[in-house]
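Take a look at the structure set out below.
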Protein chains: 2
Amino acid sequence: MRKQPRQQRSRQLVDSLIEATGRALVEHGLDHTTTVRIAEIAGVSVGSLYQYFEGKEALVEALMDKLAGDIAQGLRRLPLADSAGLRETVDGAIRFGFAVLHSRDGLYLELVRNWHRLPTNRVADVLQQHFMELSRLYFIKHYRDYPIEDLQVRVFIVANSVLFTMVRHASQNDALLREDDIAAGLTDMVVGYMTH
Amino acid sequence: MRKQPRQQRSRQLVDSLIEATGRALVEHGLDHTTTVRIAEIAGVSVGSLYQYFEGKEALVEALMDKLAGDIAQGLRRLPLADSAGLRETVDGAIRFGFAVLHSRDGLYLELVRNWHRLPTNRVADVLQQHFMELSRLYFIKHYRDYPIEDLQVRVFIVANSVLFTMVRHASQNDALLREDDIAAGLTDMVVGYMTH
DNA sequence: CTCTAATGCGAATATGTATTCGCATTCAAT
DNA sequence: ATTGAATGCGAATACATATTCGCATTAGAG
């Protein structure tokens with residue numbers, strides 16, 4: 001951030017800009033999200049925008065930081081693998097994932113689609129680390145001598161498979177494949193892969 | 001295409017423009033690939049470019065049509081599931097996939113990353129249909145009464161899981177996860193899911 | 001060889017977007 | 001109430017990119 005907001009009004013201005021960034025992403029997509037548009041949506045002058053942000057990228061980064069917090073919080077509410085069975089846990093996580101992708105008018109969808117040109121690492125780390133920890137705990141409990149290096153590979157594969165299959169499905173309005181079936185299939189695949 | 005090339009020189013010009021589009025994508029990425037740059041790389045005037053193409057999008061589409069042909073040809077050379085075992089077939093397909101992603105200086109990588117804003121359907125159909133046919137044949141042979149609707153879900157999940165996990169891995173230079181391990185893991189996951 | 005349609009050119013024009021800067025307004029400490 | 005710092009503004013400027021059009025050149029049919 002270019003300059004720290006000191007007064008109340010400027011802090012609110014910064015918030016409204018971040019909020020507006022989200023709406024611009026949903027309405028116009030990352031490509032056509034411009035600083036001018038964001039300022040317009042926020043009801044703020046472009047000049048003011050540049051007082052606090054370097055540009056579009058900085059705004060998106062600030063937005064993603066905020067969202068990463070929401071995701072982390074949502075993850076903490078999910079059932080853990082040691083209380084429920086593995087299948088229930090995976091199923092819950094996948095349903096949570098779909099719910100997130102459909103929330104906020106598709107904001108998350110747009111962000112994940114554009115992972116390769118966004119500062120995705122922070123968010124990805126949240127997910128990656130959470131699932132890593134989750135599986136680590138589970139496997140330490142059930143298969144005490146499980147090789148840990150292999151676990152990293154598995155978590156990488158599972159996380160990306162699930163995430164992008166969900167995004168691909170949510171991005172196309174293909175009524176031929178019902179979301180419930182995709183969710184069930186993903187659960188089958190993941191549980192099978194993680195336990196054999 | 002805006003106008004049909006009738007003479008020899010113009011046909012060659014069109015080819016060189018498509019070729020240049022590929023190089024521009026590799027060198028500058030989709031975002032910074034412009035009509036002017038493509039014309040420059042091709043050693044052609046922008047004016048000539050617009051004689052035959054509506055703009056960037058049309059050029060990329062022409063390029064992808066060409067590449068779809070290459071992919072289809074490559075797929076036909078892969079071992080089929082009825083001659084070899086399922087595991088060998090899946091393993092071969094995944095290795096083929098990685099090879100493609102690494103070929104042409106990462107052109108395919110850039111294209112798949114940007115699937116959501118490209119006319120991907122033609123290429124996706126090639127893949128989808130090929131694997132659909134492949135699995136259909138395999139399962140008709142081995143499990144005569146297999147439900148076909150479910151197969152569509154499975155192929156969708158497997159195709160996207162494999163493709164995007166590969167792309168994600170190839171996009172980051174994370175030496176922690178070796179490509180061979182990812183390939184082996186994907187094979188395990190897919191074979192397990194398709195046979196249980 | 002001749003001649004016309006096809007081709008190729010690139011400066012010029014139009015548009016979209018990023019970013020700044022001088023001035024007006026407001027806050028909050030005194 | 002006064003005043004300096006903070007804030008907000010948006011026209012103006014700079015730059016990137018898309019697209020056209022009149023003119024020069026060339027291919028290749030006859």
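When the P atom of dA6(C) is taken as reference, atom CG of L13(B) falls 16 Å away, rounded to whole Å. Between Q12(B) atom CD and dG8(C) atom P the separation is 10 Å, expressed in whole Å. Atom NZ of K3(B) is separated from atom C1' of dC9(C) by 13 Å (rounded to the nearest Å). One can place CD of Q7(B) at 8 Å from P of dA27(D), the figure rounded to the nearest angstrom. What separates CZ of R9(A) from P of dT25(C) is a distance of 13 Å, to the nearest Å. Between the CD atom of E54(A) and the C1' atom of dT19(C) there is a distance of 11 Å, rounded to whole Å. Taking atom OH of residue Y52(A) and atom P of nucleotide dT20(C), one finds them 15 Å apart after rounding to whole Å.
Taken residue by residue, residues 38-50 of chain B places heavy atoms nearer than 4.0 Å to DNA chain C at V44(B), S45(B), G47(B), S48(B).
Test V100(B), L134(B), V126(B), D70(B) against L75(B) for side chain to side chain contact (heavy atoms under 4.5 Å, CB included) and you get one pass: V126(B).
At most 12 non-hydrogen atoms from other residues, nucleotides or ligands lie less than 6.0 angstrom from CD of Q12(B). At most 12 non-hydrogen atoms from other residues, nucleotides or ligands lie less than 6.0 angstrom from CZ of R6(A).
Comparing dA6(D), dA6(C), dA18(C) by their nearest atom to the side chain of T35(A) picks out dA18(C).
Checked by atom type and distance alone, the side chain of R154(B) pairs as donor or acceptor with a backbone atom of Y193(B) at under 3.5 Å.
Residue R6(B) has no polar side-chain atom (N or O) positioned under 4.0 Å from OP1 or OP2 of dT4(C).
In this structure, a donor-acceptor pair under 3.5 Å is absent between the side chains of T187(B) and R87(B). If you check the side chains of H169(A) and N160(B), you find no donor sitting under 3.5 Å from an acceptor.
Residue order along DNA chain D, read from the 5' end via each residue's closest nucleotide, puts D31(B) first among Q8(B) and D31(B). For H32(A) and Q51(A), each mapped to the nucleotide of DNA chain C holding its nearest heavy atom, the one lying further toward the 5' end belongs to H32(A).
Between R117(B) and D31(B), at least one side-chain nitrogen of the basic residue sits less than 4.0 Å from a carboxylate oxygen of the acidic one, meeting the salt-bridge criterion.
Contact annotation for T34(A): backbone-only contact, meaning every heavy-atom pair under 4.0 Å involves sugar-phosphate atoms and none involves a base. Using a 4.0 Å heavy-atom distance criterion, R2(A) is classed as a sugar-phosphate-only contact.
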